[in-house]
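Worksheet for the structure shown next.
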Protein chains: 2
Amino acid sequence: MGRPRTPLLDRARITTTALELVDEQGEFSVPQIARRLGVQTASVYHHVDGRDGIVELLRERVAAAIDSGSLDHGPWDTAMAAWARSYRAAFAAHPRAIPLLTTSPVRAPKVLEQYEKAVGLLLAAGFPLPDVMPVIIALENLVLGSALDMAAPERMWELSDETATPQLARALGALGEGRADAAFELALAGYLAHCREMLTDG
Amino acid sequence: MGRPRTPLLDRARITTTALELVDEQGEFSVPQIARRLGVQTASVYHHVDGRDGIVELLRERVAAAIDSGSLDHGPWDTAMAAWARSYRAAFAAHPRAIPLLTTSPVRAPKVLEQYEKAVGLLLAAGFPLPDVMPVIIALENLVLGSALDMAAPERMWELSDETATPQLARALGALGEGRADAAFELALAGYLAHCREMLTDG
DNA sequence: ACCTGAACACCGTTCAAGT
DNA sequence: ACCTGAACACCGTTCAAGT
């Protein structure tokens, strides 16, 4: 067979197929991708740095949906909040991919630029240099923690034995639809209030 | 060979071996466990509900180190903070296991009892029933998000190209040793302050 | 009940061979 | 440069056979 006139594969199509598989079944394998693209498994390795490379591509693809526009316009607190919500929404669009993606932070240039912007925003707002990264990392933790929560199946909160933990059962019963959203917004509000205090107290 | 007079395997030893493997190499496989215990791979399946069952056992084992004693004595805010720190410390003791464990929440009875206690504590403190679970879930997100951060390799924050993101490079340079701790404590302080406000405003 | 040996389907990865 | 076919080591899981 040999080399085709026009390449059968490229990184974008491999990434798209991997994301489709993850959306459908929560996982992907290299042979599965090859099968969907009508190609041999080995061919995939000519375009991609192994399975881990595909995971990194997924990370970048999902992160590409983050809208960093809010970071360009103050005030810093609403800008950071909008960024965090968009960051979280990008993950929420592919809940089954979350466990695969949250194991290590995104380090694509495009995302690093967003961190760069955030640093500038916080410095301009008056945060002392040593406080800037903790403030950013704390927000990232918030986003990733609540992303994992979104990925957790709903039935995780359906108790198998309600009598063992009656108060927990009651509290779960009083829980509305937007369970994950409520927890995220609660934590985000606390985070922002605390950062504002850091600024005025410091 | 057949059945030995005294069983060669049990769940505890399988769990211990799996945790050792994860601590050492960040992963485990059923054949690896069997090899370490001087037994055939198939034997492991007589004690454990497949590979996923072993992961669940790891979750329980790691969570067993959480000290829930703080939940028995008020005030609610310091009690919740102590619980969260202990929860996080339990994960921190096995950083390489974190990606494996954070993909779904612990649902072992022992941990559910802790949630039960937390619900009681918050109700007694005066939180309205519908607020209780969001408050707890937000704290859990905080813990898991910062646990993932602890699991991230330190070199994740060593930029390959400092010139592309100069401000980020500066901020990272000003970061002390306890990077992960600082971010966690920042988020925790904000969380607690916000919960206190919910109580007085509500 | 618990261990073995063998089997099955699947995986990630490499590599020489072809164009 | 890019695809194939074949190979390798490894994996999770099942199951009949033994005590």
Side-chain angles (χ1 to χ4, degrees), chain A residues 1-61 96-97 99-104 153, chain B residues 1-61 96-97 99-104 153:
Chain A
M1 192 123 301
R3 176 190 182 199
R5 294 187 273 96
T6 166
L8 298 176
L9 248 46
D10 59 77
R11 294 160 72 88
R13 296 186 60 213
I14 292 171
T15 309
T16 300
T17 309
L19 190 52
E20 278 172 15
L21 286 164
V22 173
D23 283 341
E24 289 169 22
Q25 59 189 27
E27 316 174 296
F28 79 93
S29 78
V30 184
Q32 281 176 341
I33 294 174
R35 225 147 12 200
R36 287 230 174 165
L37 293 173
V39 104
Q40 288 302 116
T41 300
S43 310
V44 176
Y45 285 84
H46 289 282
H47 299 266
V48 140
D49 192 15
R51 202 202 121 93
D52 288 351
I54 300 178
V55 172
E56 188 55 33
L57 286 173
L58 285 177
R59 230 188 294 281
E60 292 176 25
R61 169 71 64 90
R96 307 193 69 172
L100 212 53
L101 305 185
T102 49
T103 49
S104 77
Chain B
M1 192 124 303
R3 176 189 182 199
R5 293 187 273 96
T6 165
L8 298 177
L9 247 46
D10 59 77
R11 294 159 72 87
R13 295 187 61 215
I14 292 172
T15 309
T16 301
T17 307
L19 190 53
E20 278 171 16
L21 286 163
V22 173
D23 283 341
E24 289 169 23
Q25 59 188 27
E27 316 174 295
F28 78 92
S29 78
V30 185
Q32 282 176 341
I33 294 175
R35 226 145 14 197
R36 287 231 174 163
L37 293 173
V39 105
Q40 289 302 116
T41 300
S43 309
V44 175
Y45 285 83
H46 288 282
H47 298 267
V48 140
D49 191 15
R51 203 202 120 94
D52 288 351
I54 300 178
V55 172
E56 188 55 33
L57 286 173
L58 284 177
R59 230 187 294 280
E60 292 176 25
R61 169 71 63 89
R96 307 193 68 172
L100 212 52
L101 305 185
T102 49
T103 49
S104 77

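Worth saying up front: this structure is predicted, and the values here are computed from it rather than measured. Below, chains carry the letters A, B, ... as their sequence lines are ordered, and counting in each starts from 1.
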Contacts table for residues 8-16 of chain A: side-chain donor-acceptor under 3.5 angstrom, sequence neighbours left out:
residue, atom, partner, partner atom, Å
A:Asp10, OD1, A:Ala12, N, 3.0
A:Asp10, OD1, A:Arg13, N, 2.9
A:Arg11, NH1, A:His47, O, 3.1
A:Arg13, NH1, A:Leu8, O, 2.7
A:Thr15, OG1, A:Arg11, O, 2.7
A:Thr16, OG1, A:Ala12, O, 2.9
A:Thr16, OG1, A:Arg61, NH1, 3.1
A:Thr16, OG1, A:Arg61, NH2, 3.2

- Message: Measure CG/B:Leu37 against P/C:dT4 and give the value in whole Å, please.
- Response: 11 Å

- Numerically ordered, the residues 11-28 of chain A set in heavy-atom contact under 4.0 Å with DNA chain D is none

- Query: Once you round it to whole Å, what is the distance between C1' of D:dC2 and CD of A:Gln40?
  - Reply: 13 Å

- Task: Under the salt bridge (charged side-chain N to carboxylate O under 4.0 Å, His left out) rule, collect the residues that match up with A:Glu20, sequence neighbours excluded.
- Result: A:Arg36

- Query: Any idea which of C:dG5, D:dC3, D:dG5 is nearest the A:His47 side chain?
  - Reply: D:dC3

- Task: Using side-chain hydrogen bond (donor to acceptor under 3.5 Å, both in side chains) as the criterion, list what pairs up with A:Gln25, not counting sequence neighbours.
- Result: A:Gln32

- Give the rounded distance in Å between these two atoms: CG of B:Leu9 and C1' of C:dC3. 9 Å

- Would you mind reporting whether A:Val30 and A:Tyr45 have side-chain heavy atoms less than 4.5 Å apart? yes

- Provide, to the nearest angstrom, the distance between the CZ atom belonging to A:Arg35 and the P atom belonging to D:dG5. 15 Å

- Can you name the residues that form a side-chain contact (heavy atoms from CB on, under 4.5 Å) with A:Asp49, not counting sequence neighbours? none

- Set of side-chain contact (heavy atoms from CB on, under 4.5 Å) partners for A:Ala42, sequence neighbours left out: none

- Give the rounded distance in Å between these two atoms: CD1 of A:Ile33 and P of D:dC3. 14 Å

- Of B:Arg3 and A:Ser43, the one whose nearest nucleotide on DNA chain D sits closer to the 5' end is A:Ser43

- Message: Going by the rule salt bridge (charged side-chain N to carboxylate O under 4.0 Å, His left out), which residues pair with B:Arg3 if we only count those two or more places apart in sequence or in a different chain?
- Response: none

Which atoms of nucleotides 13-16 of chain C (N or O only) lie under 3.5 Å from a protein N or O atom, and what are those distances?
residue, atom, partner, partner atom, Å
C:dT13, OP2, A:Tyr45, OH, 3.1
C:dT13, OP2, A:Arg51, N, 2.8

- Task: Please list, chain by chain and in numerical order, all residues satisfying side-chain hydrogen bond (donor to acceptor under 3.5 Å, both in side chains) with A:Arg96, sequence neighbours excluded.
- Result: none

- Note on the structure: Interatomic distance, CG@A:Leu19 vs CD1@A:Ile54, rounded to 0.5 Å, equals 12.0 Å

- Paired and unpaired positions of DNA chain D as dot-bracket, Watson-Crick or G-U wobble under 3.5 Å, | denoting a partner strand: ||.|||||...|||||.||

- Task: Could I get the full list of side-chain contact (heavy atoms from CB on, under 4.5 Å) partners for A:Thr103, not counting sequence neighbours?
- Result: A:Arg59, B:Pro99

- Task: Please round to the nearest 0.5 Å and tell me the distance separating atom CZ of A:Arg35 and atom CD of A:Gln40.
- Result: 10.5 Å

